[in-house]
Amino acid sequence: MGTACVVKTSFWNLHNPAMEFREVLASHRSIRKYKSDPIDQALIEEVCQEAISGGSSSGNLNSFSLVLTRDPERKRHLYKLHFEQDFILEAPLLITFCADWHRTREWLKLRGARDNFNNLVGYHVAAYDAMIVAQNVCLGFEARGLGICYMGTTLFSLSAIAEFLELPDTCLPVTTIVVGYPDEAPNQRDRLPLASFLHEEKYRPISEAEIEETYRDREVKGWTRYMSMPSVRREIEEAGLTSLAQFYTSKQKYDPDDFALFSADIKMAMEDKHFLP
Ligand SMILES: Cc1cc2nc3c(=O)[nH]c(=O)nc-3n(C[C@H](O)[C@H](O)[C@H](O)COP(=O)(O)O)c2cc1C
């Protein structure tokens, strides 16, 4: 009786949660329309606790921090810094994930240990930890029926966000997520075919024919999607763009000149926070 029960429990542990996890991944969509319903504080803490406990952390030094923004005025300020993505105003919660050595370095100082992590390796280690916990938080909210969307604009306004959140030395934003109850049910977005990501033993260079094959579907679906948005279509036509690839690096999307400016700002922020000499 006891043995049967143990066997049943271990089968359950091994198989059923994996199925649930697969369902969470399969139901992922970035959400860009939200209800204004607030998120229970206990639920936020539960998701964050599980995400932190259930994610790997380099050296178990836990070199990250999460800044929650719920105050409407402060959210409006971040909305500006995130290039006025309007669903930031709808959703009740914004979380900025930071690469953070400040707490650890204060502890090292207190204990008379050598200082460290105010360097490029330190930045990368903390940034990886922050991204790992960010994705776990996303999964935790999604598993409970809430919606999320990452804000890549965190990188475009890095120093301004760091200043607004009053981040200390060796602490910088890595990414931000918008969280709330979804007010839309978008279709699942495809990724490139699996074969294009996987390399056996060593990197396999891609031929022109494989590029054609890899991007065929994406070019049709992506182009159709952008052209179905009246304002984007207008911009595409005015700029004379004729393909999805051209759109991606145009002034309307990921402009290389803007990226040069954002890169300079990131470098400055990293120097200012002593991740770079
Ligand atoms: C690091 C990162 C930054 C992103 N930044 C934005 C953003 O600023 N605005 C936005 O609407 N979506 C953003 N996204 C969401 C992507 O556009 C989205 O994940 C992608 O189009 C695939 O759609 P899906 O998440 O619904 O599968 C970001 C995603 C990631 C991973």
Side-chain angles (χ1 to χ4, degrees), residues 21-34 51 55 64 66-67 69 75 77-91 93-99 123-124 126-143 145-158 160-161 172-194 196-197 214-215 217-229 231-232 235 244-245 247-255 258-259 261-263 265-266:
F21 181 63
R22 291 175 69 184
E23 279 166 28
V24 174
L25 293 181
S27 63
H28 164 76
R29 310 311 180 238
S30 290
I31 296 299
R32 298 184 178 88
K33 280 190 198 307
Y34 292 90
F64 54 87
L66 285 61
V67 183
T69 306
K75 210 148 56 68
H77 190 94
L78 284 176
Y79 152 79
K80 296 265 180 216
L81 297 181
H82 284 288
F83 291 35
E84 306 192 349
Q85 302 196 59
D86 48 8
F87 51 92
I88 291 179
L89 298 178
E90 296 168 7
L93 174 64
L94 218 61
I95 308 180
T96 308
F97 295 86
C98 304
Y123 173 77
H124 282 87
Y128 300 159
D129 260 38
M131 274 316 282
I132 288 169
V133 83
Q135 181 58 16
N136 276 0
V137 166
C138 289
L139 293 170
F141 281 122
E142 289 180 322
L146 282 87
I148 62 93
C149 189
Y150 278 93
M151 294 284 92
T153 34
T154 310
L155 292 177
F156 307 164
S157 300
L158 202 80
I161 294 173
L172 277 176
V174 171
T175 195
T176 305
I177 59 167
V178 174
V179 190
Y181 291 94
D183 201 15
E184 64 167 356
N187 291 330
Q188 189 177 37
R189 302 270 298 277
D190 291 343
R191 299 294 186 261
L192 296 178
L194 179 64
S196 63
F197 299 106
T214 301
Y215 287 92
D217 243 33
R218 164 63 62 87
E219 285 185 325
V220 174
K221 286 186 180 161
W223 188 249
T224 308
R225 179 167 174 271
Y226 286 122
M227 291 301 269
S228 73
M229 301 172 185
S231 62
V232 179
E235 286 176 353
L244 185 69
F247 175 65
Y248 264 118
T249 50
S250 69
K251 291 233 163 289
Q252 287 69 31
K253 190 76 173 158
Y254 302 131
D255 180 0
D258 285 347
F259 268 46
L261 295 175
F262 302 148
S263 298
D265 176 61
I266 292 173

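Atoms within a ligand are numbered from 1 in the order they appear, just like the ligands themselves.
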Item to complete: Mind jotting down which protein residues get a heavy-atom contact under 4.0 Å with ligand 1? Chain and number order, please.
Response: His28, Arg29, Ser30, Arg32, Gln85, Phe87, Cys149, Tyr150, Met151, Gly152, Thr153, Arg189, Arg191
Worksheet item: Say you draw a straight line from CD1 of Ile148 to OG of Ser30; how long is it, rounded to the nearest 0.5 Å?
Response: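 Nearest 0.5 Å value for the CD1-OG distance: 5.5 Å.
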Discussion item. So does Val24 get a backbone contact from the side chain of Ser27, meaning a donor-acceptor N/O pair under 3.5 Å?
Written reply: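 Flag set: sc Ser27 to bb Val24 pair under 3.5 Å.
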Item to complete: Look at the side chain of Lys75 and the backbone N and O of Thr69, then say whether any donor-acceptor pair between them is shorter than 3.5 Å.
Response: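 Judged by distance alone, no pair lies under 3.5 Å.
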Item to complete: Would you please name every residue forming a side-chain contact (heavy atoms from CB on, under 4.5 Å) with Val232, sequence neighbours left out?
Response: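 With neighbours one apart ignored, the set is Tyr226, Met229, Ile236, Phe247.
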Worksheet entry | Exceeds 12 heavy-atom contacts within 6.0 angstrom, atom NZ of Lys33 |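 Atom NZ in Lys33 is not crowded, with 12 or fewer foreign heavy atoms closer than 6.0 Å.
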Practice prompt. Check the surroundings of atom CZ in Phe259: do more than 12 heavy atoms from other residues, nucleotides or ligands lie under 6.0 Å from it?
Written response: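 Counting neighbours around CZ of Phe259, more than 12 heavy atoms of other residues, nucleotides or ligands fall under 6.0 Å, so yes.
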